[in-house]
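Below is one structure, written out as structure tokens, with a few remarks after it.
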Amino acid sequence: MEFIYTYAWLIPVYPLVAAFLLGLGILMFNTWTRANRSLAAFLSVFSTGTAMVHAFALLVSQVQGHETVLRTITWAQAGSFSVDMGFVVDHLSAMMLVVVTTVAFLVQIYSDGYMAHDPGYVRFYAYLSLFSSSMLGLVVSPNLVQIYIFWELVGMCSYLLIGFWYDRQAAAEAAQKAFVVNRVGDFGLLLGILGFYWISGTFAFNEIGRNLQEMLAAGAVSSSLIALFAVLVFLGPVAKSAQFPLHVWLPDAMEGPTPISALIHAATMVAAGVFLLARMFPVLEGIPVVMDIIAWTGAGTAFLGASIAITQNDIKKGLAYSTISQLGYMVMAMGCGAYGASLFHLMTHAYFKAMLFLCSGSVIHGMEAVVGHDPVLAQDMRLMGGLRKYMPVTAITFLIGTLAICGIPPFAGFWSKDEILSAVFERNPALWGVGFLTAGITAFYMFRIYFLTFEGEFRGTNLRLRQEVAVSAGRPVPAFAYVFAGKQPAFGPGAMNIQEKPQPSSHPEAQENLHDGHGHASEPHESPWSMTFPLLALAIPSVLIGLVGTPFANFFEAFIHPPAESVAEAGSILPLVAAEWQEVLAGHFDWAEFLIMAGSSVGIGLVGITLASLIYWQKRIDLGTFPQSLQPLYYFSLNKWYIDDLYERVFVQGTRFVAREALEVDSRIVDGVVNLTGLVTMVSGEAMKYLESGKAQFYALIIFAAVVVMVVASGAGF
Amino acid sequence: MPEAGRETGNRGMLAVDPPHLSWSSSPMDVFAPTGNLYAGAIWPEVVVTLTLLLVLVVDLVGGSAARKSLPALSIFGLIGALVTLVLQWQQPQLESFLGSFAADPISILFRGLVVGTAVLTVMMAERYIAQSGAPTGEFYVLLLTATLGGMFLSGATDLILVFVSLETLGIASYLMAGYTKRDPRSSEAALKYLLIGASSTAIFLYGMSLLYGLSGGQTKLEAIASSMGDAGLAGIIALVLCIGGIGFKLAAVPFHQWTPDVYEGSPTPVVAFLSVGSKAAGFALAVRFLATVFPAMTEEWRAVLSVLAILTMILGNVVAIAQTRLKRLLAYSSIGQAGFVLIGLVAGTEAGYASLIFYLMVYLVMNLGAFLCVTLFSLKTGTDEISEYSGLYQKDPFLTLCLSICLLSLGGLPPLAGFFGKLYLFWAGWQAGAYTLVLVGLVTSVISIYYYVRVVKTIVVKEPQEMSVSVQNYPETNWQAEGMQALRVGLVLTLVATIFAGILSNPLFTLSTQAVEQSPFLGFPTAQAFIPQSARLQVAVKGSLGSSAQTGEG
């Protein structure tokens, strides 16, 4: 079996080959490549599939107790400074490899259906393969330099894919925003990496922690300096994993194609921040200040994301804020030292959130048949409703995902979220309070999305409503602000107030439009099998994967643990887990504590679900009866805590102001200097023209003169 | 000793070359008394010579169909030469032909560079010649002759051989510059090149004659060195004259004036060869000549070369800004690039020489890549004005990719090959204490980024109305036409090499370092370990020489 380790470096290379071939094909044999698009898809899926099989082989081998394999080659050397490149296969990277390859594999299958009508089909697959390759390279990186390289590569792929439809203004702007915001974090990360290198003299994960401990013990370096560098490193995950205050790019990134949102902006790339924290864990856990900063950042982000998700009307934006919130959970767990719980949630979240996003893509795909290829209309939940009737598979899988994220047993999310909450409770009850509250909000907004989308009546054929949504054009126009204002809606029923049934349109030509015009169908349809198959496939882990991490026989915790805690190692963990199960069956497990923790988190989840069903499904509670005083809160959430506006004021306007001032300086002073230089260059150019006279005899003269001058100059000493 | 038997067989075939003599026959040693000739050292040159003769014969005897096979034949022969060079790497021949020629690792690498340039030049030239309608055979014969000259120059350790190979390279280059006879500019270029070349040869020859006299009639480079220690002013004069001659080959300022005129008038493939192959041979000569003959005057030649390097970097890069034609821009930029390489020579440390060789390898692929792009574009549009490139991105993304990558690499942007090349050069220079040189290098490479990126910016303009007339009428690329496939292969090769030679630079850098360590004439410590049995005796002398050079530097 050694060969699977010897050739483990091939895992990132398989998709890279596909990306390279597709890129070459687009550049050199454009028409041929476009004509054979199914070949392109096959190549991509096949290469990722190969990587997946390889990754599974590694995971099985690791579970059976194979030791960690680290291979490096010297990549660059200059004197004593050398940078190694290579790969490491340990428990963590084996698990991440499997997660990334499985999700990528299914997303690539899904894309065949989703992108079927897009002219950029082949380019899409080339980018997807490039991304898969970069992400896999990141996962197996054994040192900070290599991780930084792949970190930037996944960032670049994310930029390319958010702006995939670059002719859409919003997509181009979103790509730019993602890029710029990530620069802030990456700059911090780079400074942190260099700082740690400066102190510890190494980039390798397994050595930094050790060296730092030694130096701290010897008193050679102050702990505040280490804390500073740790916070700088943490800025990288803050940007990449969309933590407050650098979370603003992720919702906008939903302008990219939905498979991308599922793969990059839900399952894999955004989790890279948490992954980096896990890799840096040996360094971070020794610095309580930094751990607190991380934990509170995560908790704040979890609450912030959930509170904004309540009021979103765009189905993808809702899911994006949910992702931010869930990433907050992971970061919070990391900050509380719950290493295993955080990565467990990373894994379960990757599966169910990818599935939720793919479901939303399926919904959008179905809606486009009715409302046309306008993202503003096709993604707005106010126009959906009752889709369960038309898209049963999507609805069921979405429901499974929703139950999983709400923490209802025995779905995957329950186990991981419960583990996080109980770990956090031991560390700090205040943090637990935030997490607990967020869990309730999560259940509420997720079921709000589910009910608005899949239950009730279908509202997409209501032309007046459509017009209203189109006018709002993606801006956060409060479509049901009138509910709070106590006024009647100016036109059409809002999504909140769905007791008012959508009226059939009274305009005859509009009716006609609906039935034959522009090829629009009057009702959405279920997506093709290439899209529903990945949904069903992802539903399996979304239901079952949590069982590997039950608190009473925690296989996952035994497998994934911080490097420092290598206690029961050097062997397969299977017998260990089997023994634990026997313990449980024999009744030695303390159920009371588990039931209290689990019961409370399930309880608040059920409260949220009940509230959502009363408002959006049973319609027992009319939002119009809500007190006026809640209106500011509503606007606060709808406007995303005004963070984007604040950034616009402070950073964008501020930068523009500085830029204008700099322009003044530039045009007055620098230009003058440049003009002077230009003048000098021109004069000297004119002068040199006489030297470059084109006369050979003159050239020869210069050569002889130069030799004479050189002789005189160097012979002057004699 | 089996090795000796093989060498003898070689020489028998080479010296007499009668067809009936088979590989292992006739161990008669005509030149026996002083020992073995070790003629195996010039196997690569033999392969090139045979190819040359074959090309000449096919061109004379064969019809027009046979002539079409000439490029393939040349490439085949050159690749054969490369293979023999690789084989030679396993067993370097430190001395052969009674001390006139060395096939030590450095010489092998430099010869490889010259041959590599020739391969890519042939790829570039096939389509160029097919389209310009000039006679086919002459070009390849001349190119192979120039290659031969460059190869001998890279390993020559004797004044006579240095001069003969220098002239072989030179005269073949003059002829190539005037190859498109109907073009008056080409003829003008050839004539100017010849006249200036003759002047600088005169200077070099004068220097060599001084060396001959000072050493009391020695022509071997090592033998001369021992008498240079107390040569005084005459030694200085000889040194400066030799540097003047070498400076002409390197196109170092102020011996550069021929370059713009010659590059302007000559056919593009010839310019490509001159700017890389001829320069590589010049650097090989510079390294060997200065390190072997003037170890006693290290301070002096470093001072002179520092001045030349600074002038070269500044003038090459500053004047390049003002150019409006890409070919001329590349001509001036190649002057500037030679200035950067001189830093490695001036540093004179192990890392300095290693980074010099490494940069030349990288420079070979990126510069020839850029020339391939220029050739392709001018073949399709008939112009090489920079402004005519605007909007090319929309018509030919592949060409745009190649040209942009090569230019950005020349400018030294990471993570391309050129960045790592410059990084190693500047680092070696800094370590050796050549601070002024490195600072000037940094500033001028920023200048160079400006003019390279300006071209890239022109190419990738988005708006259709900004497209130039040439690009608007840009014809569809017909890869099936004669010579186009070769051009394409060359483009892909250089593109891939430019992208990956940087990221995966370590093997190449290790290769260069090994070459420097294992070439005894440079006198770096580990040289002893790799000396073959047959050359032990000479090495003892060289080793002591090397160590004296070392102390001289200290």
Side-chain angles (χ1 to χ4, degrees), chain A residues 20 23-31 73-85 123 146 149 152-153 166-167 677-678 680-682 684-718, chain B residues 188 191-196 198-200 202-203 206-207 232-233 235-237 239-241 243-245 247-248 253-258 260-261 297 300-301 303-304 307-308 315 318-319 321-322 351 397-398 400-401 415 420 423-424 427-428 431 477 479 488 492 503-506 509-510 513:
Chain A
F20 183 75
L24 209 65
I26 295 172
L27 278 176
M28 297 184 71
F29 314 100
N30 198 328
T31 38
I73 53 158
T74 304
W75 177 58
Q77 186 156 25
S80 60
F81 171 84
S82 80
V83 181
D84 288 353
M85 290 284 145
R123 184 165 58 98
Q146 193 175 337
I149 292 172
E152 292 297 333
L153 275 177
Y166 51 80
D167 45 357
T677 323
V680 169
T681 314
M682 228 163 72
S684 54
E686 290 295 312
M688 276 190 216
K689 212 157 72 181
Y690 292 101
L691 295 179
E692 291 289 342
S693 60
K695 291 193 178 112
Q697 64 271 36
F698 184 68
Y699 293 171
L701 183 68
I702 288 189
I703 289 182
F704 289 123
V707 169
V708 170
V709 169
M710 273 157 55
V711 168
V712 171
S714 23
F718 285 88
Chain B
E188 184 193 330
L191 189 62
K192 275 185 190 163
Y193 196 15
L194 170 68
L195 288 173
I196 308 297
S199 314
S200 76
I203 292 173
Y206 189 23
L233 184 61
I236 296 283
I237 295 178
L239 170 69
V240 169
L241 292 175
I243 289 181
F248 166 76
V253 179
F255 307 104
H256 70 286
Q257 277 114 337
W258 57 276
D261 291 3
M297 297 188 197
E300 284 84 355
W301 65 256
V304 174
V307 175
L308 292 194
L315 188 125
V318 170
V319 180
I321 294 179
F398 176 61
T400 305
L401 178 74
F420 288 89
L423 189 69
Y424 285 132
W427 177 77
Q431 294 284 317
T477 312
W479 292 112
R488 170 141 91 165
V492 172
I503 307 167
L504 307 172
S505 62
N506 218 41
F509 196 68
T510 314
T513 315

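Sequence lines set the chain letters: A, B, ... in the order given, protein chains first and strands last, and positions in each chain run from 1. Keep in mind that this is a model prediction, so the values were computed, not measured.
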Requested in this report: For chain A, find which of B/Ile237, B/Val304, B/Ile203 contributes the most heavy-atom pairs closer than 4.5 angstrom.
Outcome: B/Ile203
Query raised in the report: What's the shortest heavy-atom distance between B/Phe255 and B/Gly244, and which atoms?
Result: CZ-CA, 3.7 Å
Query raised in the report: For B/Tyr193, is it the side chain, the backbone, both or neither that has a heavy atom under 4.5 Å from a heavy atom of chain A?
Result: neither
**Report entry** Least distance between heavy atoms, B/Ser505 atom then B/Tyr424 atom
**Finding:** OG-OH, 3.5 Å
Report summary line: Highest number of heavy-atom pairs under 4.5 Å with chain A among B/Leu239, B/Leu195, B/Ile503, B/Thr400 belongs to B/Ile503
Query - Which atoms of B/Leu401 approach chain A - backbone, side chain, both or neither, heavy atom under 4.5 Å - result: side chain
Query raised in the report: So which heavy atom on B/Leu308 is nearest to which on B/Pro254, and how close?
Result: CD2-CD, 3.7 Å
Query - Which portion of B/Leu423 sits near chain A, non-hydrogen atoms under 4.5 angstrom - result: neither
**Report entry** Beyond-backbone contact of B/Phe509 with B/Phe420, side-chain heavy atoms, under 4.5 angstrom
**Finding:** no
Report task. Hey, could you give me the CD1/CG distance between B/Ile236 and B/Leu241, rounded to the nearest 0.5 Å? Result -> 11.0 Å
